[in-house]
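See below for the structure under consideration.
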Amino acid sequence: MPESLKKTKYILLVEDNRDDEDLTLRALRKGNISNEIVVVRDGAEALDYIYGTGSFKGRDITQRPQVVLLDLKLPKISGLEVLKVIRETESTKSLPVVILTSSREEKDLVTGYSLGANSYICKPVDMNQFSLAIQQLGLYWLVLNETP
Amino acid sequence: MALMDTKNNSSRGNSFASSEGFSVFLRRVSATIVILVALVILTGWTLEIPRLIAFRGTWPPVAPLTALDFAIVGVITWLLPSPGKASRAGRDGLLLALGVVVILTSALIIARYLLGAVPPVDMLVFAMTAKRLGWEYDVVMPPATALAFLCTGFWFIADFAKPRFEILKSLLSLFVLALSLTIFGAYLYGASGLYEMPFFLKMSGVTAGLFTLTHLGLLAVEPPFGFKLQSPRRFWRDKNTLRERPLYVSLVVVFSVFLVAGVATSQSLNRLIDTIQNVADTQRHIQELDELFMGLLNAESGQRGFLLTGDDAYLEPYFAGREQYEEGYKGLLTWIHNHPQYNDAFGDIEKTARVKLSELGETIVWRRANSLAAANKVVQSDVGRHAMETIRHQVGIIKDDQLRLLTLQREENQVQVRRTITSITLGSLLATVLLLTCLNLYIKNSLKRSEVEDEVRHLNSTLEVKLHEIEVVNRELESFSYSVSHDLRAPLRAMAGFSNILLEDYEQKLDDDGRKYLGRIIVASDKMSRLIDGILDLSRISRRQVKRETVNISELAQQIIGELRVSEPARKVEVLIEPDLTVLGDMNLVGVVLQNLLGNAWKFTAKKESPHITVGSIMKENRKVFFVRDDGAGFDMAYSEKLFGTFQRLHSESEFAGTGVGLATVRRIAHLHGGEVWAEGTVNQGATFYFTLD
């Protein structure tokens, strides 16, 4: 099982809103992206998953997601704090993180980028635009982008 | 005013700067006077006019070197850089050199007094002039003057080492002022003893006055013991000084009263001294008259004794009497000379007395040679008695006159004593009362000031609390809009998203109506999303700081029209933009204004055949007013105020799409710039939106 997973490119989706999660997953499926999507529902869970702690104790942490899609407004630990921990930890310094949020606040944008986010995407309300954005995102990070 | 900080804030700083300007003006006025007076004295020395050198006959002359030094000091004082102004190397060097000249010359004079060997430099040139003008001695700068020049010179040197020597400078000035004011005051009050007696203080009244002027001018600008004078006109116009005015006015009054009372008292004292002198003189004259007469009597009785006895012992009172007469005569001579009305009587006395005295002498000689009987005959004869009667009579006339005068003079003296006592008592009482009034005013003033300061502090702290509250509210507002941005959009996206999914995945199971309704859910969600964006933009703009720069409105408008043409290439709109419209405003915010106004104009002319949009400016009440005009749908003026309210719309969504936030944003931006926005329009004729930004 670990052997087969090793070759799988997957996405870590950090999202507390079930509706947004479903819409995101559907948009990815519609875009013919069949890779595994791991979903965690708050900041603490996201860190546990990435570093194999808490309820994810024992997970093979060398299995890194191709990209982390990170919401900003999250229960327990906020998205920006998660991003900060990821960038400050040596092993995950280069892990691609894309902020995927409803916020259009200039402040969030600036802080996100200064903390080292790879992209900042504002979720459109319009479903067509939303689907398009998610599909392009998946295509780019799973297919086009190369990670070290 | 109420919110003015107790420390130097900007407005206080401004008034300081202007009072500094007035102080510098005062300093230059004093320097100019000093230079002119010095030049007058030097002219006096060159043209040999004594009045220009000593000014008053009783005052000592001012030495040429003193005048020269004053000219230099005046020039330096005039050119001194104002505090806080950048110094210029060239000028500073010149001033430094001039200061050194003043120090060297005065040090030379002091060395002359201490060592005695140094010649008076200026007298090498002017010694002959001094002699010709009648001064028996070399006119040399006195030691007090030299010391004051030395202090002044060091003041200038210290000025180049600012600001470390501020206190030294003030002390030097205060010392020179104390010295020169004392001497100047002595001249002013006529206290002759003070300026004539001590050799050290032998400074001319002119010199003392010039030093006083110079150092008042220097102190007018220099802290920390210096005074800063406000321009009287500014002081009078400044309503903030209302409270302090009585204090300053009473200070001026007290100063004047002191001056007048001092002069009056000193004059009264001088008159008193005169009356005492008069009484004493008259008494002396009476005494001398008595002595004159007594001398004759004594001489006569001595002669008689000798004639009768032949005893030489009687010659002693005879000679003493003669001497007594001579003394009295000598004492009276000058006085009589000055009082011609007594000339005849005194001449009579003198003539008779001389005859009498020679007769006395002759009889004594004669007695030595002859017998007692012959002598008796002489004594009993009437000749001598007649002469004595004449003298007694004449002396009596003068004496009676003098006694009457004495009575008058004593009365006058009494009056003068009373006057002087009154003058001194009244003067000191008045001064005390005025000083107490001043003190009272000062205390009241400072109490009031501390009250006002307390109030200012209180208001400031209240303001701080209010500011803090506003900050808290602002932060809350920010987190509110943050939540709105996040949390309101997510459910909207769910509504729109799942409706979309229903339309895609369950299309077959829905009939036409079902599909239409889902479509309306999607459209409504989209609209609400735009409304949320609009509100967020509006609140973001309200929180923004305005960064002003020159914004070219014409170029911005051109650019926005270009974008609109690209978005709807099919539309043919004629656009006219006045060239080179500029305004001092925030580039981004002005852009938002134009985007909204031009966007509206573009939108509301959509149904017109050949629409026009104009961007231009007019002048109204000296303000530049920009406008955007279209000939589109227009609006009813009755609703013109509603245009700018948030979410207020005059058209239905089906006619013209829109959120109702655009014009509210425009008004918010205009207000942020301190400007206004208003509109004129007619239904179906078009609308004009005016705005100002400053």
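- Heavy-atom pairs under 4.5 Å with chain A were tallied for B:S499, B:P491, B:G497; the largest tally goes to B:G497.
- Identified under the salt bridge (Lys or Arg N to Asp or Glu O under 4.0 Å) test for residues 38-54 of chain A, with sequence neighbours left out: A:E21-A:R41, A:D42-A:K76.
- With rounding to the nearest 0.5 angstrom, the CZ atom of B:R493 is 7.5 Å from the CG atom of A:N17.
- Distance CZ/B:R489 to NZ/A:K123: 10.5 Å, rounded to 0.5 Å.
- Residues satisfying the ring pair (Phe, Tyr, Trp, His ring centres under 6.0 Å) test with A:Y49, not counting sequence neighbours, are A:F56.
- Atom CD1 of residue B:I532 and atom OG of residue A:S102 lie 9.5 Å apart, to the nearest 0.5 angstrom.
- Residue A:N128 touches chain B through both its backbone and its side chain, counting heavy-atom pairs closer than 4.5 Å.
- Counted within 6.0 Å of OH on A:Y113, heavy atoms from surrounding residues, nucleotides or ligands total more than 12; the atom is thus considered enclosed.
- Using a 4.5 Å heavy-atom cutoff, the side chains of B:N500 and A:F130 are not in contact.
- Atom CG of B:L503 is separated from atom CE of A:M127 by 11.5 Å, given to the nearest 0.5 angstrom.
- Using a 4.5 Å heavy-atom threshold, the side chains of A:K30 and B:E504 count as touching.
- For B:K608, the NZ atom is densely surrounded, since the number of other residues' heavy atoms within 6.0 Å is greater than 12.
- Contacts between B:I522 and chain A at a heavy-atom distance below 4.5 Å are absent for every atom of the residue.
- Heavy atoms of A:T101 lying under 4.5 Å from chain B belong exclusively to its side chain.
- A:L23 places a side-chain heavy atom less than 4.5 Å from the side chain of B:I501.
- Smallest separation of non-hydrogen atoms from B:A494 and A:D19: CB-OD2, 3.3 Å.
- Residue A:R26 touches chain B through its side chain alone, counting heavy-atom pairs closer than 4.5 Å.
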